[in-house]
Amino acid sequence: MAERIEELKAKAEVLIEALPYIQRFNRRIIVVKYGGSAMLDENLKKSVIQDVTLLKLVGFKPIIVHGGGKEINRWVEKSGIEPVFINGLRKTDAETMEIAEMVLGRVGKSLVSMVESLGVRAVSISGKDGGLLKVDKKQTEGGDIGYVGEIREVDPKILFDLLEKDFLPIVCPIGLDDSFQTYNINADDAACAIACAVNAEKLAFLTDIEGVRRDPEDPSTLISELTVSEAEELLQSGYVVGGMLPKLGNCINAVKNGVSRVHILDGRLAHCLLLEIFTNKGIGTAILNEKEVRYYHE
């Protein structure tokens, strides 16, 4: 019986620790970029959706922006399309674009089903809906990479309308140019642009790494918090490499454009969102503006 009481006390302490964060971010918008391994493992997928649904139920206004690159690659291979790469970037021809839109739409609807099963109303849209994401064709030095778009403008009205009606928006990164041609968009870029447009309090990237490290090869050098100026210094230091380079650049851009705090989290860890947002220490890396207060543990 004593062990049971201690277990219940520990649970109560967790809830009390979360209280100031629930109070502080009540009715604030949080954008979650969902991708990587967390999209492929069914248990991880379930934990992410549980986290986002809980955020909604305790008063946050979450928006999910999801990728689907690995799933798109799988279907492209199934279709027998030979991939073409230009300077390391996959060329998106008309047929590949058609597959990408189909796959991303399917992913979005599957996420809606999971959210709805937990008692929260959700709507899956693309950047084409309501003119949400307006793009230009992405230009590269290596040549034409096809139907890959660069975001020029975000019209968040459809997102505000959905949030006002108590829906959880789930967005896939596809947009239109001025000629109403469909383009695929990098999901990190889309999440960053949307977070800025809706003046989100938080933007969280679910990745396949614990966060930002001072030494990419040493997990013990994980950095819990960075100001924008510290993050810029780290970028210039040459220690940040690979896929973390553009991701950290997106984080800096988001904070400079009004997002209070950006989180880089290990999506392979179950309930990483709750652990980062509702605990004093957190588990990933947070990038914040110079005026933003540090976490309570400091």
Side-chain angles (χ1 to χ4, degrees), residues 29-56 60-76 92 97 99-118 120-130 132-133 135 148-149 151 154 156 158-159 162-163 167-175 182-198 200 202-208 243 246-247 250 254 262-268 270-273:
I29 297 174
I30 175 171
V31 175
V32 178
K33 189 274 172 170
Y34 176 40
S37 297
M39 292 194 74
L40 303 177
D41 182 294
E42 286 303 315
N43 289 327
L44 288 176
K45 187 185 292 187
K46 184 177 180 182
S47 81
V48 170
I49 297 305
Q50 286 174 334
D51 286 6
V52 176
T53 303
L54 180 60
L55 291 175
K56 178 81 168 63
F60 286 67
K61 293 183 176 181
I63 298 170
I64 295 175
V65 179
H66 67 85
K70 292 179 180 178
E71 187 74 0
I72 292 169
N73 291 344
R74 189 167 71 86
W75 280 95
V76 167
T92 303
M97 183 65 248
I99 292 171
E101 188 166 17
M102 175 195 72
V103 171
L104 289 170
R106 184 171 176 267
V107 169
K109 296 303 181 188
S110 72
L111 297 179
V112 166
S113 297
M114 295 180 75
V115 172
E116 294 267 355
S117 73
L118 295 172
V120 168
R121 297 189 301 170
V123 175
S124 171
I125 63 172
S126 81
K128 294 166 69 170
D129 294 308
L132 174 60
L133 299 177
V135 305
V148 178
I151 298 173
V154 181
I158 189 171
L159 296 176
L162 289 170
L163 291 172
F167 286 98
L168 195 164
I170 298 175
V171 184
C172 75
I174 291 175
T182 301
Y183 285 84
N184 196 13
I185 306 164
N186 178 278
D188 283 1
D189 293 348
C192 179
I194 287 171
C196 295
V198 298
K202 288 176 176 286
L203 166 61
F205 289 99
L206 301 189
T207 68
D208 286 345
K247 200 174 296 289
N250 270 325
V262 183
H263 303 262
I264 299 176
L265 307 175
D266 188 350
R268 301 167 300 179
H271 302 298
C272 62
L273 270 171

Handout entry: Smallest separation among heavy atoms of Phe205 and Lys33, with atom names
Key = CD2-CB, 3.7 Å
Problem - Side-chain heavy-atom pair Ile194, Leu133 within 4.5 angstrom cut-off - result: yes
Practice task
Taking the side chain as every heavy atom from C-beta outward, state whether Pro173 and Asn186 have any pair of such atoms under 4.5 Å apart.
Solution key: no
Handout entry: Atom pair NZ (Lys128) and CD1 (Ile158), whose distance is rounded to the nearest 0.5 Å
Key = 13.0 Å
Handout entry: Leu162 side, atom CG; Lys61 side, atom NZ - distance, nearest 0.5 Å
Key = 12.0 Å
Handout entry: CE-CD distance between Met114 and Glu42, expressed to the nearest 0.5 angstrom
Key = 6.5 Å
Practice task
Decide yes or no for Leu132 and Val154: does some side-chain heavy atom of the first lie under 4.5 Å from some side-chain heavy atom of the second?
Solution key: yes
Practice task
Could you tell me whether a side-chain N or O of Glu116 sits under 3.5 Å from a main-chain N or O of Ala122, the two making a donor and an acceptor?
Solution key: yes
Handout entry: Heavy-atom check, side chain of Val171 versus side chain of Ile63, under 4.5 Å
Key = yes
Handout entry: Any side-chain heavy-atom pair of Asn250 and Asp189 under 4.5 Å
Key = yes
Exercise for the section: Answer yes or no: is there a side-chain heavy-atom contact under 4.5 Å between Pro156 and Val198? Expected result: yes
Problem - Heavy-atom side-chain proximity of Pro169 to Val123 below 4.5 angstrom - result: no
Practice task
Return the minimal non-hydrogen interatomic distance between Asp51 and Cys272, and the atom names on each side.
Solution key: OD2-N, 3.6 Å
Problem - Inter-residue atom distance Ile174.CD1 - Ile125.CD1, 0.5 Å rounding - result: 12.0 Å
Practice task
Find the distance between CG (Leu203) and SG (Cys196) and round it off to the nearest 0.5 Å.
Solution key: 8.0 Å
Handout entry: With Glu71 via salt bridge (charged side-chain N to carboxylate O under 4.0 Å, His left out) - residues at least two apart
Key = Arg74, Arg106
Problem - Contact check, side chains of Val107 and Cys172, non-hydrogen atoms, under 4.5 Å - result: no
